[in-house]
Amino acid sequence: TIAAKYAQAIALYKEANLAKAVTKLDHLITLEKQNPYFWELKGQILLEQNEKELARIAYEKAYSLSGNVMVLQQLAKVELLLNTQKSNSNALKHLEKAIRMTPDSPTTWSNLAAAQGRNGQMALAKLSLAEAALLRKDFARALKNAVFAEKNLTQNLFAHQRALDIINYAEQAQGRK
């Protein structure tokens, strides 16, 4: 059955027999081209084989079929690992979308900061790092990054106000310690 073949692909993956696992997944994909789970696992295996471009393609397909935010985050991670101008721009778009879906994820905020930094948005990157630190309850780091962002985001009123909010919250939180 398809389920048994998928279980075999997972077992091969767990045994670090990555080439055979990909072969098994390719066969499954010919049977069910629209199954995002097959594409996602293929992306994960290809990434572990350091086949970043092929992993990106698999994750793109998995996301287009599923709309799953975790797949989108993995796609963005691969884009950051590719580290080209185009992939960094794509990662930024993916992470801006992902952060709207999971605003309570420090990892997504940190990855967004990396993408913003690589796209020349240093003040926004510091604000994203402040958000990540705030979620981790690292108020000193949140304060430091928010102060930088506040000083440099005077043109972006929303981001500037958010930096001020983080500064106020972090200062109050540190005072309670």
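Values reported hereafter were calculated over all heavy atoms of this structure, with side chains retained and with hydrogens, waters and symmetry mates removed.
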J.: Sub-3.5 Å donor-acceptor pair from the side chain of Arg118 to the main-chain atoms of Leu80, do we have one?
T.: yes
J.: Identify which one of Thr30, Ile29, Leu25 satisfies the side chain to side chain contact (heavy atoms under 4.5 Å, CB included) criterion when paired with His27.
T.: Thr30
J.: So do Met122 and Asn152 actually touch side chain to side chain, heavy atoms under 4.5 Å?
T.: no
J.: As an exercise, state the distance from NE2 of His94 to NZ of Lys97, rounded to the nearest 0.5 Å.
T.: 9.0 Å
J.: May I have the step-by-step check of side chain to side chain contact (heavy atoms under 4.5 Å, CB included) for Leu28 and Asn35, ending in yes or no?
T.: CA-CA 9 Å; Leu28 286 167; Asn35 189 319; over 6 Å; no
J.: Please report the shortest heavy-atom distance between Leu143 and Glu171, naming the atom on each side.
T.: CD1-CG, 3.8 Å
J.: Is there a side-chain contact between Ser110 and Arg136, using heavy atoms and a 4.5 Å cut-off?
T.: yes
J.: Return yes if a side-chain donor-acceptor contact under 3.5 Å exists between Ser105 and Thr108, otherwise no.
T.: yes
J.: Working to the nearest 0.5 angstrom, can you tell me the gap between Tyr63 OH and Gln73 CD?
T.: 10.0 Å
J.: Could you check if a side-chain atom of Gln116 sits within less than 4.5 angstrom of a side-chain atom of Leu127, using non-hydrogen atoms only?
T.: no
J.: Among residues two or more places apart or on two chains, list those pairs meeting side-chain hydrogen bond (donor to acceptor under 3.5 Å, both in side chains) that have a residue in residues 17-26.
T.: Gln8-Lys24, Asp26-Lys42
J.: Leu47 vs Glu51, test: side chain to side chain contact (heavy atoms under 4.5 Å, CB included). Steps then yes/no.
T.: CA-CA 5 Å; Leu47 183 57; Glu51 296 285 348; over 6 Å; no
J.: Ignoring hydrogens, what is the shortest heavy-atom contact between Thr84 and Ser87? Give both atom names and the distance.
T.: N-OG, 2.8 Å
J.: State whether a side-chain donor-acceptor pair under 3.5 Å links Glu79 with Tyr59.
T.: no
J.: Looking at Leu134, is its backbone amide N or carbonyl O close enough to the side chain of Trp109 to form a donor-acceptor pair, meaning the two atoms are under 3.5 Å apart?
T.: no
J.: Could you give the distance from CD (Glu131) to CG (Leu135), rounded to the nearest 0.5 Å?
T.: 7.0 Å
J.: Cluster question for you: counting only ILVMFWY and a side-chain heavy-atom cut-off of under 4.5 Å, with indirect links fine, are Ile2 and Val22 together?
T.: yes
J.: Between CG of Leu92 and CG of Leu112, what distance do you get to the nearest 0.5 Å?
T.: 6.5 Å
J.: Establish, from distance only, whether the side-chain atoms of Asn168 and Gln172 form a donor-acceptor pair under 3.5 Å.
T.: no
J.: Does Phe38 share a hydrophobic cluster with Leu54, counting links as ILVMFWY side-chain heavy atoms below 4.5 Å and allowing steps through other members?
T.: yes
J.: Following the transitive rule for hydrophobic clusters with a side-chain heavy-atom cut-off under 4.5 Å over Ile, Leu, Val, Met, Phe, Trp and Tyr, establish whether Ile45 and Met70 coincide in one cluster.
T.: no
J.: Using residues 144-151 as the side-chain source, report each donor-acceptor pair under 3.5 Å to any protein atom, sequence neighbours left out, with the distance given to one decimal.
T.:
residue: Asn145; atom: ND2; partner: Arg141; partner atom: O; Å: 3.2
residue: Glu150; atom: OE2; partner: His160; partner atom: NE2; Å: 3.1

J.: Any chain of hydrophobic side-chain contacts (each under 4.5 Å) joining Ile10 to Leu31?
T.: yes
J.: How long is the gap from CG on Leu129 to CG on Asp138, to the nearest 0.5 Å?
T.: 11.0 Å
J.: Taking the side chain from Thr102 and the backbone from Asp104, do they hold a donor-acceptor pair closer than 3.5 Å?
T.: no
J.: So do the side chains of Gln44 and Glu48 get within less than 4.5 Å of each other, counting heavy atoms only?
T.: yes
J.: Stepwise, does the ring pair (Phe, Tyr, Trp, His ring centres under 6.0 Å) test hold for Tyr37 with Tyr6?
T.: CA-CA 9 Å; Tyr37 300 107; Tyr6 185 50; 7.3 Å; no
J.: Quick one: closest heavy-atom pair of Ser66 and Val71, and the distance?
T.: OG-CG2, 4.1 Å
J.: So, Ser128 side chain and Leu124 main chain: donor-acceptor pair closer than 3.5 Å or not?
T.: yes
J.: Could you give the distance from CG (Leu95) to CG (Asn119), rounded to the nearest 0.5 Å?
T.: 10.0 Å
J.: Hydrophobic clustering (ILVMFWY, side-chain heavy atoms < 4.5 Å, transitive) - are Val78 and Leu46 grouped together?
T.: no
J.: Could you tell me whether Lys93 and Glu96 make a salt bridge, using a distance below 4.0 angstrom between a side-chain N and a carboxylate O?
T.: no
J.: Contact between Arg162 and Asp165 at the side-chain level, heavy atoms closer than 4.5 Å - yes or no?
T.: yes
